[in-house]
2 protein chains.
Amino acid sequence: MSAAKDRLRLWLRLLKVVRGMEQEVREKLRREHNTTLPRFDVMSALSRHPEGLKMSQLSGVLRVSNGNVTGIADRLSDEGLVERTPVPGDRRAIILRLTPAGQKEFARQAQAHENWIDKMLAGVSPADARAMAEGLQAFATAAEFEKEETANAQ
Amino acid sequence: MSAAKDRLRLWLRLLKVVRGMEQEVREKLRREHNTTLPRFDVMSALSRHPEGLKMSQLSGVLRVSNGNVTGIADRLSDEGLVERTPVPGDRRAIILRLTPAGQKEFARQAQAHENWIDKMLAGVSPADARAMAEGLQAFATAAEFEKEETANAQ
DNA sequence: CAAAAATATTTTAAGGTTGAAGGAAAGTGA
DNA sequence: TCACTTTCCTTCAACCTTAAAATATTTTTG
């Protein structure tokens, strides 16, 4: 019966560490790049899909609600970092993609982000990092956090 | 140089797993207990301090902003789950504590929460859970996510 | 003691988040 | 064709979150 307590304690520690690191990333994004983690996540997803993503694909990839992405896209669009273009043949849909300015800006942010994480996890050896990442991958797959990555034909 | 990439990958996996589990907890709290994770967190902190906590202590423990706790306390208070009482000798401060109804309600939620986590982490043996929790603790301490737990004299 | 500084909390503005509702367009099927 | 359903996106109300400003009170200091 103490198994449940052991697992709960693991979860609480996990949550504390991840939240702590996440908060640090949010803070740095805000102060050093005048942006937010959700905006960074959207731009990151778009940078992995240079051809752009439909709004619904984007919310699928990020696992957030549709309305959420609408607001973030609005603001990024106001700043000229992303652009909405119509989808030929489907007047309901819209493709969101990084503008050249957005690509450039994201490249800077992503490099800084990688450096932050590298420093925060400096206490973890590369070999350990690989091992843990693999273990987490196995766990995630087993627990089916993966689901389908919306592997839709665009 | 690939060390940074290895650590970044670890971070992204960690984030995916923790976010996935957290989202599941939020969903269950909402659907089965008509509450939210922030509310649960506040009640959890208060349940560990039956004598109550000052607003500033609470935001310190939870590592959130002052204003944040104000709003959550407002809503919990509206439902009669927590109560605000003045601090004798300091008319600026306020002590927040669970009402009897709040204690009862939180006990139910906490039991359900423990069961959810136990199921989600069923693939992790109790021994592994203990080992990982200890490793995370060491990491957190080294990375000083602990800081002071506001170990104030009330 | 009175002015200044520090402390405790709330309010506010801006953004993030969700589920549900709404509007437009596309697809289905009789 | 024309109703019905589905899909795509936005809007909306409610809540969470923060940093900064505003209030009220206490403490410090000259």
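Below, chain A is the first sequence line, B the second, and so on; all start at residue 1.
One finds a side-chain N or O of Arg91(B) lying less than 4.0 angstrom from the OP1 or OP2 phosphate oxygen of dT26(D). Neither OP1 nor OP2 of dT18(D) sits under 4.0 Å from any side-chain N or O of Arg26(A). Side-chain nitrogen and oxygen atoms of Gln23(B) include at least one within less than 4.0 Å of the OP1 or OP2 phosphate oxygen of dT18(C).
Between the axis at the start and the axis at the end of the helix from dC1(C)-dG30(D) to dA30(C)-dT1(D) there is an angle of 0°, using five pairs per end and rounding to 10 degrees.
Listed by first and then second residue, the ring-ring contact (aromatic ring centres under 6.0 Å, His included) pairs that reach into residues 38-75 of chain A are Phe40(A)-Phe106(A), Phe40(A)-His113(A), sequence neighbours excluded.
Applying the salt bridge (Lys or Arg N to Asp or Glu O under 4.0 Å) criterion to Glu27(A), with sequence neighbours excluded, gives Arg30(A), Arg31(A). With sequence neighbours left out, Ala112(B) forms a side-chain contact (heavy atoms from CB on, under 4.5 Å) with His33(B), Trp116(B). For Gln23(B), there are no side chain to side chain donor-acceptor pair (under 3.5 Å) partners two or more places apart in sequence or in a different chain. With sequence neighbours excluded, the residues that form a salt bridge (Lys or Arg N to Asp or Glu O under 4.0 Å) with Arg26(B) are Glu22(B). The salt bridge (Lys or Arg N to Asp or Glu O under 4.0 Å) test applied to Arg48(B) returns no partner, not counting sequence neighbours. Arg75(B) pairs by the salt bridge (Lys or Arg N to Asp or Glu O under 4.0 Å) definition with nothing, not counting sequence neighbours.
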For nucleotides 2-11 of chain C, give me one character per nucleotide, 5' to 3': B if any protein heavy atom sits under 4.0 Å from the base, S if the only such contacts are to the sugar-phosphate, - if neither. -----BSBBB
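When heavy atoms are screened at a 4.0 angstrom cut-off, Arg39(A) is found touching the sugar-phosphate backbone but no base atom. Nucleic acid contact class of Ile72(B) (heavy atoms, under 4.0 Å, all strands): sugar-phosphate only.
Protein atom CG of Leu76(B) is 12 Å distant from nucleotide atom C1' of dC15(D), rounded to whole Å. Atom CG of Leu96(A) and atom P of dC8(D) are 16 Å apart (whole Å). Going from atom CD of Glu22(A) over to atom C1' of dT17(C) covers 13 Å, rounded to whole Å.
Heavy atoms of other residues, nucleotides or ligands lying less than 6.0 angstrom from CG of Asp78(B) number more than 12.
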